[in-house]
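Scope of the values below: all heavy atoms of this structure, side chains included, with no hydrogens, waters or symmetry mates. Chain letters run A, B, ... following the sequence lines, proteins first and then strands; every chain starts at 1.
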Amino acid sequence: MVVALCPLIMPAMKERVRDCVLKALKSMLENAGADTELLPPIKVEVPADEKFGDFSTNAAMTCAKPLKSAPRKIAQSLLEELKKDDLFSSISLAGPGFINFNIKPQKWAEDFSAIPDDSSGYGNHPKREGEKILIEFVSANPTGPLHIGHGRGAAVGDVLCRLLSKAGYDVTSEYYINDAGLQMENLGRSTLARYRKLLGKGGEFPESGYKGDYIKDIAQEVVDKDGDKYLDMPEEESLPFFVKYSADTILNGIKDNLKRFRVHFDIWTSEKSFHQSGKVQKGIDDLKKSGAIFEKDGALWLNSSADGDTKDRVVKRANGVVTYLAADIAYHKDKYERGFTKLIDIWGADHHGYVARMKSAVKALGQEPDSLETLLIQLVALKRGGKTVSMSTRGATFVTLEEVLDEVGEDAARFFFMTRSYESHFDFDLDLAKEQSSENPVYYVQYAHARISNIFRTAVEKEAMSGIGNIPTDVDWSVLIEEAELRIMKKSLQFPEMVSNWAEALAPHHITHYLTDLASMFHKYYNMHRVVTDDKKVTDARLALIARLQTVISNGLDLLGVSAPDRM
RNA sequence: GCGCCCGUAGCUCAGUUGGAUAGAGCAACGGACUUCUAAUCCGUAGGUCAGAGGUUCAAGUCCUCUCGGGCGCACCA
C-alpha cells in the first residue's frame, strides 16, 4: 500500500532533526547518570551560511552550563549518538560548539515530491481552534480619496489577512467608516461652498474646509443633477444632503480604489450607526458603573492615566457631545460582542499616541489588554522630482493611491509595499518607481513563474510532455544531483513553516524576500542547466521539480495578492 | 519638556526573535544570447551596524545613557 505523504501531516525536516537531537541529548544524559530535567531549551535552525550545512544546533552550547562541561566536549559525545541516525549524510562539529547537519539528498527528494505539482494550495495549515481574529484597517474618513499612505496600510492589512488565513487562523477583515463628527460637517460645508460658487453665488469657503478638486467635482455633479435646488435653501436643510452626498460619493470612490487594489473587506462598519443605535451612550453608561469613567468639570473622562496613558481622556464633553474615543470604545466593545478574541488594529503611525487610551478602554471593557494588538504603519514619504511631497487631505496636496496605481500598477505597488517592514519609514520615489518599473523585484519573481510556464510549453512542443499540466509522474528523483536542484528543494520545503512564522510574527514583508531568494535560485539554475534535454529520465525529473517550484512561487504570490503570469 | 518609532554599503532596505567571516536590490565597472524568453546569469567593488557603557560562552539584535532624524502630545477624527 502506498501511503500518500501529506506535507502538512508529515513533520517538517527541521522538526525531525530536532527530535533526533533531543533523543541524543537524553540518551547522553542517561548514560552519564545525569538528571534529564537539566535540559535547557535548544535551537535547531537553518544556518545563515550554506557551508555550515542544512541545519545546525546550539544544543552543546546551551548545555555547557548545566552540565558543567565544555561545549565542544559535549558536542563530541552528542555527535557519536547522532551518527547512528539514518537521516544524515554528514554531521560535524564547528566553531564554539555548533553541530552542523547535512541531510541525505534522497530524504529531501522524498519530502519535496509531496508538494503538489499543479499550483494548488501548498503551505496551508490546518484550522487553529479557539482564536477568532478581526483585522481592522484603512478605515479612512470618507472626506477625501485614499492616498499613498492609506495604500500602504491597505496592502499590509490585506496581506496579513491572506497570511493569517493560510496559517490556519480564523480571520475577518473590517473597514470602520468614520462617518460621524465635525469633519463630516466640514466636508458638507466644503461641497456646499463649491456648489454655490459654481452657480455664481460667491460666499466664503470654510477656513478649514477640504480644498481638493474632488470636492468641486462632487459639487458639479449636484449641479448637473439637481440644478439650483439647494441654492436658496436654509443651510440647516441643505447641509445634511451635502454631507451625505459627499460622503457617499467619496466612500464609493474608496471602495472602487480598494477593489482595484485587490484589497478585500468582509465587513464595512459605520461609526454613525453606533451613535444612532445608542451603543455609544450605553458603552459610556456601562463604564461609568464599573468606575472606569468619571465626571469632572462637567465632562466625562476615561481613567486611562491609571493604565500608563499620559492623561485621562474625555469621552463626553461638557456640552453633551460625545468624542471620537467614545464611539471607538463602543465599536471595540461591539467587536468583542461579535465573538472576536483577538483584535488587530492597523493605524498610521501618527496615531501612536492613541494606543495607550485604547488599551485602557479594552481593559475597562473587561478584556485582556493584550487581546488588542495595534500595528503602527510608519508614514510614507512620497518623493517626486527629488522633493518630498507633503500630504494633507485638507490641504489637497497629496498623491492619490489611484495615481500611483496608474503609474506603477497594482502588482508592483503591492509587492513594493511588502518589501519593507511596516515599522520602517518608507520613501516612495515615484519617478524612480516609474523609471525602474522593469527592474522592480516583482518582475523578477513573476518572471521566474512565467519562465517555468514557458518551459512547459516547450516541453509539450518537443513532446517531452503530453500536454500542459501533465507533469511526469513516476519520477526518478535520484537523477537530480545538481547543487542548484537540491537548493531549490530545500528552500521550497521551508514554505509551510515560513507561513506560520510570518503569521505569528505579523511580519508580511518576509514573503517578498523569501520569494526573491527562491526566484534567484531558479534563474541561476535556468542559466546553468536545461530542463528539456535528450535524456528522458532527467527531463522528467526536472519537469517535476520546476512544477513544484512553480507551486510554491504561485502560492507565495497569492499571499501577496500579486498575479502569477504564465507569459511576460 | 514628555512619549513612541527609526539610525546597518553611495541610495533604498533585510537580518530567521541572542549565534559562526553582517546580506539583498538599485546605482558603478567588466563579461555571457546559434540554446527552454537577456525582465536573466557570472564577476569586481563597496561597512567603526550613529556613539559610549552594561548583561554572557556569544550582541546589529537585550538594558542604560548620549547624539541625530521622524511622528505625536485636543473636550479633531
Rounded to whole Å, CG of A:Leu302 lies from P of B:rA74 at a distance of 16 Å
Quiz item: Is the backbone of A:Ala356 close enough, under 3.5 Å, to the side chain of A:Ser360 for a donor and an acceptor to pair up by distance?
Solution: no
Residues passing the side chain to side chain contact (heavy atoms under 4.5 Å, CB included) test with A:Ala155, sequence neighbours excluded, are A:Phe261, A:Phe417, A:Met418
Centre-to-centre under 6.0 Å for A:His529 and A:Tyr525, is that the case here?
yes
*Aromatic ring pairing A:Trp347/A:Tyr354, orientation class (parallel under 30°, perpendicular over 60°, tilted between)*: perpendicular
If you measure from the Lys or Arg side-chain nitrogens to the Asp or Glu carboxylate oxygens, is any gap between A:Asp307 and A:Lys359 under 4.0 Å?
-> no
Classified by glycosidic angle (syn within 90° of 0, else anti), B:rU17 comes out syn
What side-chain donor-acceptor pairs closer than 3.5 Å can you find for residues 462-472 of chain A, not counting sequence neighbours?
from, atom 1, to, atom 2, distance (Å)
A:Ser466, OG, A:Asn470, ND2, 2.8

* Asked: Looking for any heavy atom pair under 4.0 Å, which part of the strands does A:Val46 touch: base, sugar-phosphate only, or nothing?
  -> base
Do any N or O atoms of the protein come closer than 3.5 Å to N or O atoms of nucleotides 29-35 of chain B, and which pairs are they?
from, atom 1, to, atom 2, distance (Å)
B:rU35, O2', A:Arg530, NH1, 3.0

A:His509 atom NE2 is separated from B:rG25 atom P, nearest whole Å, by 17 Å
With the side chain defined as heavy atoms from C-beta on, A:Pro47 is closest, among B:rA14, B:rA77, B:rA20, to B:rA20
Looking only at B:rU16, B:rC36, B:rA77, the nucleotide nearest the A:Asn178 side chain is B:rA77
A:Phe52 atom CZ is separated from B:rG23 atom P, nearest whole Å, by 10 Å
**Asked** If only side-chain N and O atoms of A:His513 are considered, is one of them under 4.0 Å from the OP1 or OP2 phosphate oxygen of B:rG25?
**Response** no
Rounded to whole Å, the CD-P distance (A:Glu50 to B:rG23) equals 13 Å
To the nearest angstrom, the OH-C1' distance between A:Tyr443 and B:rA39 comes to 9 Å
Hey, does the side chain of A:Tyr514 come within less than 4.0 Å of B:rG15's phosphate (OP1/OP2), counting only N and O? no
By ring pair (Phe, Tyr, Trp, His ring centres under 6.0 Å), A:Phe416 pairs with (sequence neighbours left out) A:Phe426, A:Phe428
Taking 4.0 Å as the cut-off, does a side-chain nitrogen or oxygen of A:Tyr447 come that near to OP1 or OP2 on B:rA39? yes
Is a side-chain donor-acceptor pair under 3.5 Å present for A:Thr374 with A:Asp345? no
Check for a donor-acceptor pair, side chain of A:Asp117 on one end and backbone N or O of A:Ala544 on the other, with a separation under 3.5 Å.
-> no
Base of B:rA20 and ring of A:Phe98 stacked, centres under 5.5 Å, planes under 30°:
yes
* Asked: If you take atom types as modelled and just measure distance, does the side chain of A:Lys43 reach the base of B:rU16 with a donor-acceptor pair under 3.5 Å?
  -> no
Any chance you could lay out the side-chain contact (heavy atoms from CB on, under 4.5 Å) test for A:Ile452 and A:Ile553, step after step, and finish with the verdict?
CA-CA 10 Å; A:Ile452 292 172; A:Ile553 293 175; 4.3 Å; yes
Applying ring pair (Phe, Tyr, Trp, His ring centres under 6.0 Å) to A:Tyr422 and not counting sequence neighbours gives none
All N/O contacts under 3.5 Å from nucleotides 58-60 of chain B to the protein, with atom names and distances to one decimal?
none

The correct set of residues in residues 497-507 of chain A placing a heavy atom under 4.0 Å from RNA chain B is A:Ala505
With sequence neighbours left out, the residues meeting ring pair (Phe, Tyr, Trp, His ring centres under 6.0 Å) with A:Phe98 are none
Under 4.0 Å between a side-chain N or O of A:Ser424 and OP1 or OP2 of B:rA14?
-> yes
- Has the side chain of A:Thr419 got a donor or acceptor that lies under 3.5 Å from a partner of the other kind on the base of B:rA14? no
Here the pair of heavy atoms bringing A:Ala349 nearest to A:Gln378 is CB-NE2, 3.5 Å
Of the listed B:rA77, B:rU40, B:rG19, the closest approach to the A:Glu271 side chain comes from B:rA77
- prompt: Phosphate oxygens OP1/OP2 of B:rA39: is one of them under 4.0 Å from a side-chain N or O of A:Arg451?
  reply: no
Separation of B:rA39 atom C1' from A:Asp411 atom CG, nearest Å, is 14 Å
Margin query: Looking at A:Asn100 and B:rA20, is any side-chain donor or acceptor paired with a base atom of the opposite kind under 3.5 Å?
Written below: yes
- Would you kindly check if the NZ (Lys) or CZ (Arg) of A:Lys335 is within the cone defined by 45 degrees around the ring axis of A:Tyr331 and under 6.0 Å from the six-membered ring centre? yes
Q) Just to confirm, is there a sub-4.0 Å distance from OP1 or OP2 of B:rC42 to any side-chain nitrogen or oxygen of A:Lys524? A) yes
Listed pairs under 3.5 Å, donor-acceptor, residues 499-509 of chain A side chains, sequence neighbours left out:
from, atom 1, to, atom 2, distance (Å)
A:Ser500, OG, A:Arg128, NH2, 3.3
A:Ser500, OG, A:Glu504, OE2, 3.3
A:Glu504, OE2, A:Arg128, NH1, 3.2

For A:Tyr447, the ring pair (Phe, Tyr, Trp, His ring centres under 6.0 Å) test, sequence neighbours excluded, returns A:His523
Note on RNA chain B: ranges paired as stems (three or more Watson-Crick/G-U pairs in a row, both atom distances under 3.5 Å) are B:1-7 with B:67-73, B:10-13 with B:23-26, B:28-32 with B:40-44, B:50-54 with B:62-66
Atom CZ of A:Arg313 and atom C1' of B:rG3 are separated, to the nearest Å, by 11 Å
Only residue of A:Val44, A:Asn100, A:Leu78, A:Thr62 satisfying side-chain contact (heavy atoms from CB on, under 4.5 Å) with A:Thr57 is A:Val44
note: A:Leu375, atom CG; B:rC5, atom P; distance rounded to Å ~ 14 Å
Expressed in whole Å, how much space separates the C1' atoms belonging to B:rC41 and B:rU35? 14 Å
With syn defined as a glycosidic angle within 90 degrees of 0 and anti as anything else, the base of B:rC63 is anti
- Query: So, the side chain of A:His125 versus the backbone of A:Pro496: is there a donor-acceptor pair under 3.5 Å, distance only?
  - Reply: yes
Given protein heavy atoms under 4.0 Å, the one-letter contact record of nucleotides 67-72 of chain B, with B base, S sugar-phosphate only and - none, is simply --BSBS
